[in-house]
Amino acid sequence: MAEMNGLMWFRKGLRVHDNPALSHAARSARLLYPVFVLDPRFLRPDPSAPSPGSARSGLNRIRFLLESLSDLDSSLRRLGSRLLVLKGDDPADVILKALKEWKIGEICYEFDTEPYALAQDKRIKDFACTSGIKVFSPVSHTLFDPAEIIKKNGGKPPLTYQSFIKIAGQPQPPILQTFSCLPPVGNAGACEFLDVPSMEELGYGDVGQEGFSPFHGGESEALKRLKESLEDKKWVANFEKPKGDPSAFLKPATTVLSPYLKFGCLSSRYFYKCLQDVYADVKKHTSPPVSLVGQLLWREFFYTVAFGTPNFDQMKGNKICKQIPWSNNEELFVAWREGQTGYPWIDAIMIQLKKWGWMHHLARHSVACFLTRGDLFIHWEKGRDVFERLLIDHDWAINNGNWLWLSCSSFFYQYNRIYSPISFGKKYDPNGNYIRHFLPVLKDMPKEYIYEPWTAPMSIQVKANCIIGKDYPKPVINHDFEMKECRRRMGEAYALNRSAELPSEEDLNCLRRKFEDEAMAPQRRNLKQKLLS
DNA sequence: TCCGCGTTGCAGGC
DNA sequence: GCCTGCAACGCGGA
């Protein structure tokens, strides 16, 4: 019999469908408190941040979260409950207080593999253990339990996609039953129940509508988007990720379900099941790694490796990460971050990131390669931070995994394969429509020059109302030159990683100084100068 | 220890 | 759209 009070703690998993923690809580609680805690770590406005938002999140993701919370609140209200928004300096402290105040007998929350959540959860579990409070914390954010996969693989996470697939097996099915009602909410006691705040209430009153993403949060929006994507069965069956067009922005080449998976507005298990249903209906379909199911499995792959690798989100102390003496160049880094490199393809992508909080996977590849091993030779952690803050679908495991991949620090090691900031985009969008949209300053540049506007004769620049060096920057580096430099440096860095178990800080600094000296050598400097003028 | 293989490079040829 | 040469990596399995 349901005799005790329950607390359903929402963190990710902002949904009612396929939510094992909520189902369990609904069954076992007399009074049920559905809680979300506003975390100042992610939400507090930071005026010193490079763009509006908090230190850790841009406005687009904050807004996406609020929309998701409002939608969840509406769904809970339809079931006779509501979302109780709480606030405090530290979410774990807030939950501990609520557990005591409301005499909670069982707390339910979706298991989260990220280090930040794990540290929080440990405090909750320790308290619950000593106070006789039951904890129900199922794995439901992912298709598989990362810990189980690691166990099956002999205690280590599989480091290739194929070896992951071999070991993974069949995922957990989603819960398909729906609720007719939820247990009633108890009294607040000494806690304060808040409504889902607006952007203004969070302190983002004067930011206007500038650059807001076309994608909106919430479970309803996620399920609508899923339905729309799945309606075109032929498209689902023939989906091949690498063939997608990164320059498509009016109708993106992918589902754009990633932000909904990130916040758990969409259950990956439900998505997987829906895809299987479509596959059952069509004669032929693509397969992992390129298929849509393959994309879900990439997510699982990165979650598993991230969970099983200490210091996954950094180079230092990360055993699967090549130790590479990346250079420090704040000026070039800021040019990349702000979309001011002078390479329109790169800059347009960075502006799309700022404005929309989303860009196509291959577009992310282009700019990540450019920042790290392809052109600027800047640390992947710097780029990771920018993506982490601005992407609406930012996911700790996937973002770090992809930066490790693109910088040839782990998973992928063919550092000769470098994306061209000129020809890669041109291949998909020869007219430069994508660039014209996100960099309107170049909208009248003839297509012959739009990917390399610095080569346009002055008469053309005048006619296009865009003088290079005045209205739009000159290229900050010469790609043909820097690409070769990067290849050579990567070769030397790899050699260092081969000869020692893990190169020491000293080895790395030594090689870094060598790269710096080479770059400063008069001959090279003159050549660079010549190439840029 | 060796070999096959790997979601997504580019330029050039056909 | 498909091939090759470019220069060449490490993981996983045998």
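In this text the structure is predicted, and so the values were computed from the model without any measurement.
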Return the orientation label for the [X] and [Y] ring planes: parallel under 30°, perpendicular over 60°, tilted otherwise.
X	Y	answer
A:W336	A:F387	parallel
A:W405	A:F412	parallel
A:F263	A:F64	parallel
A:W454	A:Y343	perpendicular

Is there a donor-acceptor pair closer than 3.5 Å between any side-chain N or O of [X] and the backbone N or O of [Y]?
X	Y	answer
A:R15	A:E219	no
A:T455	A:E452	yes
A:R384	A:D313	yes
A:Y161	A:G294	yes

Where does DNA chain B pair, written as one dot-bracket string 5' to 3', with Watson-Crick or G-U pairs under 3.5 Å, ( ) inside the strand, [ ] for crossing pairs and | for another strand? ||||||..||||||

What interatomic distance, in whole Å, is found between [atom1] of [M] and the corresponding atom of [N]?
N	M	atom1	result
C:dT4	B:dC5	P	15 Å
B:dG6	C:dC3	P	15 Å
C:dG13	B:dT7	P	13 Å

Measure all distances between protein nitrogen or oxygen atoms and nitrogen or oxygen atoms of nucleotides 10-14 of chain C, and list the pairs falling under 3.5 Å.
from: C:dG10; atom 1: OP1; to: A:R498; atom 2: NH1; distance (Å): 3.4
from: C:dG12; atom 1: OP1; to: A:L159; atom 2: N; distance (Å): 3.0

Distance in angstrom units between [X] [atom1] and [N] [atom2], rounded:
X	N	atom1	atom2	value
A:K484	C:dA8	NZ	P	14 Å
A:Y415	C:dA7	OH	C1'	8 Å
A:R488	C:dA8	CZ	C1'	17 Å
A:Q414	C:dG5	CD	P	17 Å

What parts of residues 301-321 of chain A reach DNA chain B, counting only heavy atoms under 4.0 Å away? none

Where is the tightest heavy-atom contact between A:F215 and A:P252, given as atom of each residue plus distance?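 Closest approach of A:F215 to A:P252: CZ-CG, 4.3 Å.
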
Can I get a per-line list of side-chain donor-acceptor pairs under 3.5 Å for residues 516-523 of chain A, giving both atom names and the distance, sequence neighbours left out?
from: A:E518; atom 1: OE1; to: A:R488; atom 2: NH1; distance (Å): 3.1
from: A:E518; atom 1: OE1; to: A:R488; atom 2: NH2; distance (Å): 2.9
from: A:E518; atom 1: OE2; to: A:K514; atom 2: NZ; distance (Å): 2.8

Within the 4.0 Å heavy-atom criterion, would you say A:Q162 contacts the bases, only the backbone, or no part of the nucleic acid?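 Contact class for A:Q162: sugar-phosphate only.
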
Treat primed atoms plus P, OP1 and OP2 as sugar-phosphate and everything else as base, then score nucleotides 8-14 of chain B 5' to 3': B for base contact with protein heavy atoms under 4.0 Å, S for sugar-phosphate contact only, - for none. BBSS---

Does the distance from a Lys or Arg side-chain N to an Asp or Glu carboxylate O, for A:E114 and A:R11, drop under 4.0 Å?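 Answer for the salt bridge query: no.
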
Could you tell me whether the side chain of A:Y415 reaches within less than 4.5 Å of the side chain of A:C486, counting heavy atoms only? no

Identify all side-chain donor-acceptor contacts of residues 439-451 of chain A below 3.5 Å with residues at least two apart in sequence or on another chain.
from: A:Y451; atom 1: OH; to: A:G425; atom 2: O; distance (Å): 3.3
from: A:Y451; atom 1: OH; to: A:D429; atom 2: O; distance (Å): 2.6

